[in-house]
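Comments concern the structure below.
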Amino acid sequence: MVSASVLSADMLNLEKEIKRIENSGIEMLHFDVMDGVFVNNITYGLPVLEQVRKSTDLILDVHLMITDPLKYVRRFAACGADYISFHTESESDISETIGAIKESGAKPAIAIKPATSAESVFDYLERLDMVLVMTVEPGFGGQSFIPETVEKVRIIRQKINELGLEVKVEVDGGINSDTAARTSAAGADVLVSGSYLFSAENMAEAAGKLRRTDI
Ligand code: DX5
Ligand code: ZN
């Protein structure tokens, strides 16, 4: 599955950009929330998500890069998030945050930065719908893929299979046709892509190139 990161979209024409995602046969919309503290950048938040929800039936994949996700997950769910990813490196209690997301009817996902071990998510897998493996340092679009992260995808996928669970593995950062193939081969099944998709002249064709190796 492909998740288009609107961080790279034309913000003054977001509705048109959402139509472009839909018309390209892309399944998910990736919505990056940054608070300027957890990462060195600030993006958009609840009111924008609420408007996005009104304008599309795409699966909304919210990626919280914020210091205290527990404080906000219920509100993101109320604004229409389908998946909510939060970072293990944040200050919120992981178990409690998963619980809050589930109670509010959204699907919980844990996100890990490149330096965080694959094993750190193992204890939570049974309660998750997805694990987000960051393949760049969170904060900005358009960065280069970090090759060492592929092994983490492999380790997490193997553990999920061993446990017989239905948890998705998502990769985010520097995903293009080449890195999509490498991460899919390692077991990723949700491919987030921002700059590669939005800079493509033909988004449907670019999405097809990402998917070519979908498992
Ligand atoms: C980075 C964000 C990504 C970003 C990916 O912190 O989490 O979702 O938009 O952008 P590209 O695909 O350009 O690396
Ligand atoms: Zn993201």
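For the residue pair Ser24 and Met203, the shortest heavy atom distance occurs at OG-CB, 3.3 Å. Across all their heavy atoms, Asp61 and Ser3 have their closest contact at OD2-OG, 2.8 Å. When all heavy atoms of Pro138 and His87 are compared, the pair lying nearest together is CG-CE1, 4.2 Å. Across all non-hydrogen atoms, the minimal contact from Ala207 to Ile26 is CB-CG1, 3.8 Å. Looking at every heavy atom in both residues, Ile66 comes nearest to Phe38 through C-CB, 3.6 Å. In this structure, Leu128 and Val167 approach most closely via the heavy-atom pair O-CG2, 3.5 Å.
Val190 and Ile146 fall into different hydrophobic clusters, where Ile, Leu, Val, Met, Phe, Trp and Tyr are joined by side-chain heavy atoms under 4.5 Å apart, directly or via other members. Hydrophobic clustering of Ile, Leu, Val, Met, Phe, Trp and Tyr side chains at less than 4.5 Å, counting indirect connections, unites Val62 with Val2. Transitive grouping of hydrophobic side chains (ILVMFWY, heavy atoms separated by less than 4.5 Å) keeps Val136 and Phe198 in distinct clusters. Under the 4.5 Å side-chain contact rule for hydrophobic residues, Leu163 and Ile155 share a cluster. Grouping the Ile, Leu, Val, Met, Phe, Trp and Tyr side chains by contacts below 4.5 angstrom, directly or via other members, places Leu165 with Val169.
Put simply, CE on Met130 and CG on Leu125 are 13.0 Å apart, with the number rounded to the nearest 0.5 Å. In this structure, CD1 on Ile160 lies 9.0 Å from CZ on Phe122, to the nearest 0.5 angstrom. Residue Lys152 holds its NZ atom at 10.0 Å from CE of Met134, rounded to the nearest 0.5 Å. To the nearest 0.5 Å, atoms CZ (Phe145) and OG1 (Thr183) are separated by 5.5 Å. Atom CD1 of Ile175 is separated from atom OG of Ser193 by 7.5 Å, given to the nearest 0.5 angstrom. Remark: Glu50 CD to Leu46 CG distance equals 8.0 Å, nearest 0.5 Å.
With sequence neighbours excluded, the residues that form a side-chain contact (heavy atoms from CB on, under 4.5 Å) with Ala200 are Ala206. Under the side-chain contact (heavy atoms from CB on, under 4.5 Å) criterion, Ser55 pairs with Glu15, Ile18, sequence neighbours left out. Residues that satisfy the ring pair (Phe, Tyr, Trp, His ring centres under 6.0 Å) test with Tyr124, not counting sequence neighbours, are absent from this structure. Residues forming a ring pair (Phe, Tyr, Trp, His ring centres under 6.0 Å) with Tyr44 (at least two apart in sequence, or on another chain): Phe31. With sequence neighbours left out, Glu205 forms a side-chain contact (heavy atoms from CB on, under 4.5 Å) with Asn202, Lys209.
Listed by first and then second residue, the ring pair (Phe, Tyr, Trp, His ring centres under 6.0 Å) pairs involving residues 149-187 amount to none (not counting sequence neighbours). Judged as a side-chain hydrogen bond (donor to acceptor under 3.5 Å, both in side chains), the pairs with a partner in residues 132-151 (not counting sequence neighbours) are, in order, Glu151-Arg154. Sequence neighbours left out, not one pair with a member in residues 38-48 passes salt bridge (charged side-chain N to carboxylate O under 4.0 Å, His left out).
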Side chain to side chain donor-acceptor pair (under 3.5 Å) for Ser90 and Asp68? Distances and angles first, verdict last.
CA-CA 6 Å; Ser90 73; Asp68 190 6; over 6 Å; no
Intermediate values then yes/no, side-chain contact (heavy atoms from CB on, under 4.5 Å), Glu170 and His63:
CA-CA 11 Å; Glu170 177 175 58; His63 177 192; over 6 Å; no
Worked check of side-chain contact (heavy atoms from CB on, under 4.5 Å) between Tyr196 and Thr179
CA-CA 11 Å; Tyr196 173 75; Thr179 54; over 6 Å; no
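Between Leu210 and Leu197 there is a side-chain heavy-atom pair separated by less than 4.5 Å. Taking 4.5 Å as the limit, some side-chain heavy atom of Glu22 sits within range of a side-chain heavy atom of Leu58. Between Thr43 and Met34, the closest side-chain pair of non-hydrogen atoms falls below 4.5 Å. His30 is not listed as a side-chain neighbour of Leu191, based on a closest heavy-atom distance of 4.5 Å or more.
Around the CG atom of Asn40, the shell of radius 6.0 Å holds no more than 12 heavy atoms that belong to other residues, nucleotides or ligands. Applying the 6.0 Å contact sphere to CG of Asn23 captures more than 12 heavy atoms from other residues, nucleotides or ligands. When the shell of 6.0 Å around NZ of Lys71 is examined, it contains 12 or fewer heavy atoms from other residues, nucleotides or ligands.
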Distance-only donor-acceptor hits, side chain of residues 5-13, under 3.5 Å, sequence neighbours excluded:
unit_1, atom_1, unit_2, atom_2, d
Ser5, OG, Asp32, OD2, 2.9
Ser8, OG, Ser195, N, 3.1
Asp10, OD1, Leu12, N, 3.2
Asp10, OD2, Asn13, ND2, 2.8

Side-chain atoms of residues 72-85: list all donor-acceptor pairs with protein atoms under 3.5 Å, sequence neighbours left out, distances to 0.1 Å.
unit_1, atom_1, unit_2, atom_2, d
Asp82, OD2, Arg53, NH1, 3.0
Asp82, OD2, Leu60, N, 2.7

Less than 3.5 Å apart, which donor and acceptor atoms pair up between the side chains of residues 97-104 and the rest of the protein, not counting sequence neighbours?
unit_1, atom_1, unit_2, atom_2, d
Thr97, OG1, Asp93, O, 2.6
Lys102, NZ, Arg127, O, 3.4
Ser104, OG, Ala100, O, 2.9
Ser104, OG, Ile101, O, 2.9

Atom pairs and distances, donor-acceptor, side-chain atoms in residues 105-120, under 3.5 Å, two or more places apart:
unit_1, atom_1, unit_2, atom_2, d
Thr116, OG1, Glu89, OE2, 2.6
Ser117, OG, Ser120, N, 3.2
Ser120, OG, Ser117, O, 2.7

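Looking at Ser184 and Asp189, their side chains never bring a donor and an acceptor atom within 3.5 Å of each other.
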